[in-house]
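Remarks on the structure that follows.
Excluded from the calculations below are hydrogen atoms, water molecules and symmetry mates; all remaining heavy atoms, backbone and side chain alike, are included. Count residues from 1 along the sequence. Here the structure is a predicted model, which means the values were calculated and not measured.
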Amino acid sequence: MRAGFFQYDVAHDRHLNLCHLKRVLEQCQCELLVLPELSLCGYLFETRQKLSCFAENVPFGPSTQEILSLSNRYGCTIIFGLAEKEGTRLFNTAVIVSKGRYIGKYRKIHLSDFEKRLFDRGKENPVFTVDGVTIGIQICFDLWFPEISREQIRQGADLLCVLANFGGDTTYHITKTRAIENLTPLILCNRVGTESMPEMDAAFLGKSTIVAPSGQRVYTAPTNTEHVGVCEITVPSPKSNVICRNFESEIAFHYHVTHPPLL
């Protein structure tokens, strides 16, 4: 699979962000492209009311519909982030579309303290299958909790994709651990740029990365600059390495209800 990321400075301007995406799709040939967290609206909002002005329905809102059209035009899969509105609830959501088809959405489960002021917590951890590849999707802080990845692996995920907005190195470093412990390739897309509001300033690092199941970083973007990174990703089947030919069975061992307690 030829897959990768597009890290950029996300604006509080849906039209401008979509223009960035169109420009990249015209120049970049790939089967799968991952965008940053909240890639159509930006990150810092003072109140839920202000955030609500940028939130949209999924899949019938204008952003999802436009990106559906783009995925059809360029024959690819796109995973992007937006603020989703459902009634009075607001979610930090990742949407996956492919070749003109809406595939599904993932709502961020693990919210930072700041995000809890703005968003409702997601409750479901699904996986999504496109062209025979099953994809687990996470959003930034979710990656800090190994349970999210492991639940997705147990549902058959062949590839982990993470949308992010972070300024420190921690999430970047965790990617190697998640890839290694699940013997699964991982794509992380982080944004760049800065945002400010009266209580808070945020600077976003970049360093989007693609990690092989071995933990080797096969591609890493520079810091603080817009960048497109695409490469060939091999999805291993079955998951195995030199010390274990059936990694899924070892994972299942710990969840089998008839298994006696470990000593």
Side-chain angles (χ1 to χ4, degrees), residues 4-28 30 33-59 61-71 73-74 76 78-85 90-97 105-108 111-112 114-115 117-119 137 139-141 161-168 171-172 187-208 221-230:
F5 56 79
F6 172 35
Q7 74 172 33
Y8 62 99
D9 186 354
V10 179
H12 282 227
D13 184 326
R14 183 181 74 90
H15 177 72
L16 181 59
N17 296 323
L18 285 169
C19 285
H20 284 318
L21 175 59
K22 291 174 187 175
R23 172 176 50 83
V24 166
L25 290 172
E26 288 170 357
Q27 302 169 358
C28 168
C30 65
L33 187 68
V34 183
L35 305 186
E37 176 182 7
L38 297 171
S39 48
L40 296 179
C41 66
Y43 184 73
L44 291 186
F45 294 89
E46 295 178 55
T47 64
R48 280 176 65 99
Q49 183 178 9
K50 290 184 177 181
L51 172 64
S52 182
C53 296
F54 290 82
E56 302 181 22
N57 176 271
V58 174
S63 294
T64 302
Q65 289 300 306
E66 187 155 359
I67 296 179
L68 271 168
S69 178
L70 290 172
S71 73
R73 183 187 309 170
Y74 293 100
C76 64
I78 303 171
I79 304 176
F80 61 96
L82 50 60
E84 179 196 0
K85 181 185 296 184
L90 299 173
F91 298 97
N92 184 335
T93 297
V95 180
I96 178 169
V97 299
K105 63 186 175 184
Y106 169 86
R107 292 166 168 171
K108 189 173 185 178
L111 303 172
S112 69
F114 167 71
E115 291 164 359
R117 295 160 43 182
L118 301 173
F119 294 103
I137 299 175
I139 303 176
C140 207
F141 195 36
C161 294
V162 185
L163 297 73
N165 282 180
F166 61 80
T171 302
Y172 170 79
I187 302 172
L188 167 74
C189 183
N190 188 34
R191 63 167 287 189
V192 295
T194 61
E195 289 190 37
S196 297
M197 66 182 198
E199 301 176 29
M200 185 184 300
D201 296 319
F204 303 99
L205 182 65
K207 288 183 76 171
S208 300
T223 60
N224 306 320
T225 186
E226 181 178 298
H227 193 83
V228 179
V230 176

Ring pair (Phe, Tyr, Trp, His ring centres under 6.0 Å) against [X], all qualifying residues, sequence neighbours excluded:
| X | answer |
| --- | --- |
| F45 | H12, F54 |
| H227 | Y219 |
| Y74 | none |
| Y8 | F6, H20 |

Give, for atom OG1 of T223 and atom OH of Y172, the distance between the pair rounded to the nearest 0.5 Å.
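Going from the OG1 atom of T223 to the OH atom of Y172 covers 10.5 Å.
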Give me the atom names and distance for the closest heavy-atom approach of [X] to [Y].
| X | Y | answer |
| --- | --- | --- |
| C30 | V230 | CB-CG1, 3.9 Å |
| A11 | L16 | CB-CD2, 3.8 Å |
| L205 | G168 | CD2-O, 3.6 Å |
| N57 | T64 | O-OG1, 4.4 Å |
| V162 | V34 | O-CG1, 4.2 Å |

Going by side chain to side chain contact (heavy atoms under 4.5 Å, CB included), name the residues that satisfy it together with T47, two or more places apart in sequence or in a different chain.
Q49, K50
Pairing residues for [X] by the side-chain hydrogen bond (donor to acceptor under 3.5 Å, both in side chains) criterion, not counting sequence neighbours:
| X | value |
| --- | --- |
| T171 | W144 |
| K108 | E37, E115 |
| S208 | Q7 |
| S71 | none |

Minimum side-chain heavy-atom gap [X]-[Y] below 4.5 Å:
| X | Y | answer |
| --- | --- | --- |
| L35 | L40 | no |
| L111 | L118 | no |
| L33 | C76 | no |
| L44 | F114 | yes |
| L38 | N92 | yes |
| I67 | F80 | yes |

Under the salt bridge (Lys or Arg N to Asp or Glu O under 4.0 Å) test, which residues partner [X], sequence neighbours left out?
| X | result |
| --- | --- |
| K85 | none |
| R73 | none |
| E66 | R14, K22 |

Where the side chain of [X] meets the backbone of [Y], is there a donor-acceptor pair that is under 3.5 Å apart?
| X | Y | value |
| --- | --- | --- |
| Q65 | P59 | yes |
| R191 | V10 | yes |
| T93 | R107 | no |

